[in-house]
Colleague: 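Please find one structure pasted underneath; my questions will follow.
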Amino acid sequence: EPEVTQTPSHQVTQMGQEVILRCVPISNHLYFYWYRQILGQKVEFLVSFYNNEISEKSEIFDDQFSVERPDGSNFTLKIRSTKLEDSAMYFCASMGQADQPQHFGDGTRLSIL
Amino acid sequence: SQQGEEDPQALSIQEGENATMNCSYKTSINNLQWYRQNSGRGLVHLILIRSNEREKHSGRLRVTLDTSKKSSSLLITASRAADTASYFCATKEKFSGGYNKLIFGAGTRLAVHP
(Lines give C-alpha, C1' and ligand atoms only; values in the text may rest on other atoms or scores of the structure.)
Protein backbone atom coordinates (compact mmCIF):
# COMPACT_ATOMS: atom_id res chain seq x y z
CA GLU A 1 0.00 0.00 0.00
CA PRO A 2 1.40 3.47 -0.86
CA GLU A 3 2.65 5.43 2.10
CA VAL A 4 3.93 8.84 3.12
CA THR A 5 7.64 8.81 3.92
CA GLN A 6 9.49 11.33 6.03
CA THR A 7 13.19 12.00 6.51
CA PRO A 8 15.09 12.18 8.72
CA SER A 9 13.43 10.17 11.46
CA HIS A 10 15.32 12.18 14.09
CA GLN A 11 16.99 15.59 13.75
CA VAL A 12 19.08 17.21 16.48
CA THR A 13 19.90 20.88 15.91
CA GLN A 14 21.35 23.79 17.83
CA MET A 15 18.98 26.64 18.67
CA GLY A 16 19.05 29.33 15.99
CA GLN A 17 19.96 26.93 13.20
CA GLU A 18 17.82 26.26 10.15
CA VAL A 19 16.23 22.84 9.64
CA ILE A 20 14.49 21.30 6.67
CA LEU A 21 12.14 18.38 7.20
CA ARG A 22 11.36 16.33 4.15
CA CYS A 23 8.32 14.39 3.10
CA VAL A 24 7.37 12.33 0.08
CA PRO A 25 3.56 12.24 -0.08
CA ILE A 26 1.60 9.50 -1.79
CA SER A 27 2.18 10.02 -5.50
CA ASN A 28 -1.29 10.88 -6.81
CA HIS A 29 -2.35 12.95 -3.81
CA LEU A 30 -3.19 16.62 -4.22
CA TYR A 31 -3.46 17.97 -0.67
CA PHE A 32 -0.52 18.19 1.71
CA TYR A 33 -0.24 19.01 5.38
CA TRP A 34 2.19 19.48 8.22
CA TYR A 35 1.22 18.82 11.83
CA ARG A 36 3.27 18.72 14.98
CA GLN A 37 2.96 16.96 18.33
CA ILE A 38 4.85 18.25 21.32
CA LEU A 39 5.62 15.41 23.72
CA GLY A 40 2.52 14.46 25.69
CA GLN A 41 0.27 16.94 23.88
CA LYS A 42 -2.28 16.92 21.08
CA VAL A 43 -1.45 16.76 17.41
CA GLU A 44 -1.64 20.36 16.13
CA PHE A 45 -2.23 21.59 12.60
CA LEU A 46 0.50 23.77 11.12
CA VAL A 47 -0.24 24.29 7.43
CA SER A 48 -2.09 22.92 4.42
CA PHE A 49 -0.88 23.15 0.84
CA TYR A 50 -2.85 22.70 -2.35
CA ASN A 51 -2.30 23.68 -5.96
CA ASN A 52 1.22 24.90 -5.18
CA GLU A 53 0.23 27.35 -2.52
CA ILE A 54 -0.61 27.50 1.17
CA SER A 55 -4.35 27.08 1.63
CA GLU A 56 -4.43 27.55 5.38
CA LYS A 57 -1.97 28.05 8.23
CA SER A 58 -2.25 28.11 11.99
CA GLU A 59 -1.00 30.72 14.44
CA ILE A 60 1.99 28.47 15.11
CA PHE A 61 3.08 28.79 11.48
CA ASP A 62 4.77 32.18 11.77
CA ASP A 63 7.41 33.85 9.58
CA GLN A 64 10.03 31.37 10.75
CA PHE A 65 8.21 28.56 8.95
CA SER A 66 7.91 27.94 5.24
CA VAL A 67 6.81 25.06 3.02
CA GLU A 68 7.78 24.14 -0.48
CA ARG A 69 7.06 21.51 -3.07
CA PRO A 70 10.21 21.95 -5.11
CA ASP A 71 10.02 19.13 -7.59
CA GLY A 72 6.50 17.73 -7.73
CA SER A 73 7.29 14.86 -5.38
CA ASN A 74 8.93 16.22 -2.23
CA PHE A 75 7.15 18.44 0.27
CA THR A 76 9.39 20.25 2.73
CA LEU A 77 8.97 22.21 5.94
CA LYS A 78 11.70 24.71 6.76
CA ILE A 79 12.21 26.36 10.12
CA ARG A 80 14.57 29.30 9.61
CA SER A 81 15.84 29.93 13.12
CA THR A 82 14.87 27.18 15.51
CA LYS A 83 13.80 27.80 19.09
CA LEU A 84 13.76 25.39 22.03
CA GLU A 85 9.96 25.27 21.85
CA ASP A 86 10.12 23.93 18.28
CA SER A 87 11.16 20.57 19.73
CA ALA A 88 8.38 18.20 18.73
CA MET A 89 7.40 15.37 16.43
CA TYR A 90 6.52 16.77 13.00
CA PHE A 91 4.11 14.81 10.83
CA CYS A 92 3.50 15.17 7.13
CA ALA A 93 0.17 14.04 5.69
CA SER A 94 -1.37 13.85 2.25
CA MET A 95 -4.88 13.39 0.94
CA GLY A 96 -6.04 12.27 -2.48
CA GLN A 97 -9.37 13.99 -2.82
CA ALA A 98 -11.47 16.34 -0.74
CA ASP A 99 -13.15 14.69 2.23
CA GLN A 100 -11.00 11.58 2.03
CA PRO A 101 -8.76 10.35 4.85
CA GLN A 102 -5.43 12.01 5.41
CA HIS A 103 -2.50 9.61 5.40
CA PHE A 104 0.36 10.34 7.76
CA GLY A 105 4.05 9.60 7.71
CA ASP A 106 5.95 8.21 10.70
CA GLY A 107 7.15 11.68 11.62
CA THR A 108 10.45 13.45 12.25
CA ARG A 109 11.44 13.92 15.85
CA LEU A 110 13.07 17.37 16.06
CA SER A 111 15.19 18.07 19.11
CA ILE A 112 16.50 21.60 19.60
CA LEU A 113 19.45 21.99 21.97
CA SER B 1 -12.34 26.15 20.76
CA GLN B 2 -11.31 22.61 21.53
CA GLN B 3 -12.56 19.81 19.38
CA GLY B 4 -12.40 16.07 19.62
CA GLU B 5 -12.01 15.49 23.33
CA GLU B 6 -11.72 11.80 24.07
CA ASP B 7 -12.59 9.90 27.16
CA PRO B 8 -11.37 8.00 28.97
CA GLN B 9 -7.81 9.35 28.87
CA ALA B 10 -6.52 5.86 29.62
CA LEU B 11 -8.09 2.40 29.41
CA SER B 12 -6.64 -0.88 30.59
CA ILE B 13 -8.32 -4.16 29.64
CA GLN B 14 -7.61 -7.87 29.20
CA GLU B 15 -7.24 -9.56 25.85
CA GLY B 16 -10.58 -10.64 24.46
CA GLU B 17 -12.51 -7.82 26.12
CA ASN B 18 -14.11 -4.97 24.21
CA ALA B 19 -12.74 -1.44 24.40
CA THR B 20 -14.94 1.62 23.99
CA MET B 21 -13.56 5.11 23.54
CA ASN B 22 -15.64 8.26 23.25
CA CYS B 23 -15.06 11.57 21.53
CA SER B 24 -16.94 14.84 21.88
CA TYR B 25 -16.65 17.90 19.72
CA LYS B 26 -18.07 21.41 19.65
CA THR B 27 -18.65 22.66 16.12
CA SER B 28 -20.56 21.30 13.14
CA ILE B 29 -18.47 18.80 11.28
CA ASN B 30 -18.13 17.42 7.80
CA ASN B 31 -16.57 14.17 8.94
CA LEU B 32 -14.89 12.58 11.92
CA GLN B 33 -11.92 10.26 11.69
CA TRP B 34 -10.27 7.88 14.12
CA TYR B 35 -6.51 7.30 14.12
CA ARG B 36 -4.20 4.98 16.02
CA GLN B 37 -0.69 5.85 17.11
CA ASN B 38 1.75 3.27 18.38
CA SER B 39 4.37 4.66 20.73
CA GLY B 40 6.78 6.91 18.86
CA ARG B 41 5.22 6.18 15.49
CA GLY B 42 2.97 7.93 13.01
CA LEU B 43 -0.78 8.14 12.89
CA VAL B 44 -2.56 5.29 11.18
CA HIS B 45 -5.99 6.04 9.75
CA LEU B 46 -8.64 3.63 11.01
CA ILE B 47 -12.04 4.84 9.87
CA LEU B 48 -13.83 7.92 8.55
CA ILE B 49 -17.49 8.59 9.26
CA ARG B 50 -19.36 11.38 7.52
CA SER B 51 -21.87 13.68 9.21
CA ASN B 52 -24.78 11.99 7.45
CA GLU B 53 -23.73 8.52 8.66
CA ARG B 54 -24.61 7.04 12.04
CA GLU B 55 -22.53 3.88 12.17
CA LYS B 56 -19.63 2.31 10.34
CA HIS B 57 -17.80 -0.99 10.66
CA SER B 58 -14.35 -2.09 9.66
CA GLY B 59 -13.25 -5.52 10.83
CA ARG B 60 -13.26 -5.45 14.64
CA LEU B 61 -13.92 -1.71 14.71
CA ARG B 62 -17.31 -0.09 15.05
CA VAL B 63 -17.73 3.67 15.01
CA THR B 64 -20.90 5.54 15.81
CA LEU B 65 -21.67 9.21 15.32
CA ASP B 66 -24.40 11.21 17.01
CA THR B 67 -24.42 14.70 15.53
CA SER B 68 -27.21 15.84 17.85
CA LYS B 69 -24.95 15.15 20.84
CA LYS B 70 -21.77 16.03 18.95
CA SER B 71 -20.18 12.77 19.98
CA SER B 72 -18.67 9.64 18.50
CA SER B 73 -17.55 6.33 19.91
CA LEU B 74 -15.01 3.77 18.77
CA LEU B 75 -15.56 0.17 19.80
CA ILE B 76 -12.81 -2.41 19.38
CA THR B 77 -14.19 -5.90 19.85
CA ALA B 78 -12.24 -8.95 21.01
CA SER B 79 -9.16 -6.85 21.74
CA ARG B 80 -5.62 -8.14 21.28
CA ALA B 81 -2.32 -7.12 22.84
CA ALA B 82 -1.40 -5.63 19.45
CA ASP B 83 -4.25 -3.13 19.84
CA THR B 84 -2.23 -1.40 22.58
CA ALA B 85 -1.80 2.17 21.31
CA SER B 86 -3.18 5.68 21.60
CA TYR B 87 -6.40 6.38 19.74
CA PHE B 88 -7.35 9.82 18.51
CA CYS B 89 -10.47 11.27 17.01
CA ALA B 90 -10.05 14.12 14.54
CA THR B 91 -12.74 16.33 13.10
CA LYS B 92 -13.04 18.23 9.87
CA GLU B 93 -15.25 21.25 10.37
CA LYS B 94 -18.21 21.88 8.12
CA PHE B 95 -18.15 24.68 5.52
CA SER B 96 -14.39 24.68 5.70
CA GLY B 97 -13.41 23.56 2.24
CA GLY B 98 -12.36 20.15 1.08
CA TYR B 99 -8.75 20.61 2.05
CA ASN B 100 -9.24 21.84 5.58
CA LYS B 101 -7.24 20.82 8.57
CA LEU B 102 -8.05 18.05 11.01
CA ILE B 103 -8.52 19.02 14.64
CA PHE B 104 -7.32 16.31 16.99
CA GLY B 105 -8.34 15.40 20.49
CA ALA B 106 -5.94 14.49 23.28
CA GLY B 107 -6.41 10.78 22.70
CA THR B 108 -7.14 7.66 24.72
CA ARG B 109 -4.22 5.42 25.74
CA LEU B 110 -5.36 1.82 25.46
CA ALA B 111 -3.41 -0.98 27.13
CA VAL B 112 -4.47 -4.55 26.34
CA HIS B 113 -2.94 -7.13 28.66
CA PRO B 114 -2.37 -10.76 27.58
Side-chain angles (χ1 to χ4, degrees), chain A residues 1-7 9-10 21 23-26 29-61 88-109 111, chain B residues 1-7 9-10 23-53 56 58 61 63 65 85-109:
Chain A
E1 185 175 321
E3 56 183 28
V4 176
T5 57
Q6 290 186 244
T7 55
S9 56
H10 192 189
L21 310 183
C23 169
V24 179
I26 295 173
H29 280 188
L30 301 176
Y31 304 87
F32 312 107
Y33 307 84
W34 284 99
Y35 294 82
R36 79 172 186 191
Q37 185 180 34
I38 294 171
L39 188 64
Q41 297 187 21
K42 295 182 183 184
V43 176
E44 302 173 288
F45 167 78
L46 291 178
V47 66
S48 59
F49 192 86
Y50 171 72
N51 202 25
N52 285 321
E53 61 183 18
I54 290 173
S55 47
E56 186 177 2
K57 58 185 180 180
S58 72
E59 291 176 356
I60 302 167
F61 194 89
M89 184 75 96
Y90 287 80
F91 293 106
C92 171
S94 69
M95 183 173 75
Q97 297 177 36
D99 293 338
Q100 293 296 309
Q102 292 182 21
H103 296 269
F104 286 73
D106 275 345
T108 293
R109 181 170 299 284
S111 300
Chain B
S1 64
Q2 289 189 343
Q3 281 279 72
E5 299 298 325
E6 292 94 334
D7 80 270
Q9 290 185 332
C23 167
S24 61
Y25 57 91
K26 294 190 187 311
T27 65
S28 294
I29 62 168
N30 187 292
N31 65 58
L32 184 146
Q33 304 179 36
W34 284 92
Y35 286 83
R36 185 186 75 220
Q37 184 181 37
N38 288 76
S39 181
R41 299 298 302 275
L43 295 152
V44 175
H45 182 264
L46 296 176
I47 202 161
L48 181 154
I49 187 164
R50 291 190 166 78
S51 59
N52 61 352
E53 298 175 310
K56 233 174 167 179
S58 176
L61 306 181
V63 167
L65 179 65
S86 290
Y87 291 82
F88 297 88
C89 71
T91 53
K92 180 180 172 304
E93 291 181 332
K94 209 169 186 177
F95 309 122
S96 59
Y99 42 71
N100 207 40
K101 61 183 179 287
L102 292 176
I103 303 174
F104 283 83
T108 293
R109 293 187 312 280

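Since we're looking at a predicted model, the values are computed, not measured. Every heavy atom of this structure was used, including side-chain atoms; hydrogens, water molecules and symmetry mates were not. Below, read A as the first sequence line, B as the second, and so on, with proteins coming before strands; counting in each chain starts at 1.
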Colleague: Is it true that atom CD of B/Q9 has more than 12 heavy atoms of other residues, nucleotides or ligands lying nearer than 6.0 Å?
Modeller: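 Result for CD/B/Q9: open.
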
Colleague: Measuring from atom NZ of A/K42 to atom CZ of B/F88, what distance do you get when rounded to the nearest 0.5 angstrom?
Modeller: 10.5 Å

Colleague: Taking atom NZ of B/K101 and atom OH of A/Y31, what is their separation to the nearest 0.5 Å?
Modeller: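 Taking NZ in B/K101 and OH in A/Y31, the distance rounds to 15.5 Å.
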
Colleague: Taking all atoms of both residues into account, what is the closest heavy-atom pair of B/L48 and A/Q100, and its distance?
Modeller: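 So the two residues come closest at CD1-C, 3.9 Å.
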
Colleague: Pick whichever of A/S58, A/P101, A/G107 has the most heavy-atom pairs under 4.5 Å with chain B.
Modeller: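 Maximum pair count with chain B is reached by A/P101.
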
Colleague: Taking side chain as everything from C-beta outward and backbone as N, CA, C, O, which of these in A/Q37 sits under 4.5 Å from a heavy atom of chain B? Side chain, backbone, both or neither.
Modeller: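 Looking at A/Q37, just its side chain touches chain B.
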
Colleague: Is A/F32 close to chain B through its backbone or its side chain, or both, or neither, when contacts mean heavy atoms under 4.5 Å?
Modeller: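 Contact with chain B is absent: no heavy atom of A/F32 under 4.5 Å.
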
Colleague: Counting only heavy atoms from other residues, nucleotides and ligands, does the tally under 6.0 Å from NZ of B/K56 exceed 12?
Modeller: yes

Colleague: Got a second to check how far A/Y35's OH is from B/L43's CG, nearest 0.5 Å?
Modeller: 9.5 Å

Colleague: Which bit of B/L102 comes within less than 4.5 Å of chain A, counting heavy atoms only: side chain, backbone, both or neither?
Modeller: both

Colleague: Rounded to the nearest 0.5 Å, how far apart are CE of A/M95 and NZ of B/K92?
Modeller: 7.0 Å

Colleague: Just how far is it from atom NE2 of A/H103 to atom NE2 of B/H45, taken to the nearest 0.5 Å?
Modeller: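 Going from the NE2 atom of A/H103 to the NE2 atom of B/H45 covers 7.0 Å.
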
Colleague: Return the CZ to OH distance between A/F91 and B/Y35, rounded to the nearest 0.5 Å.
Modeller: 12.0 Å

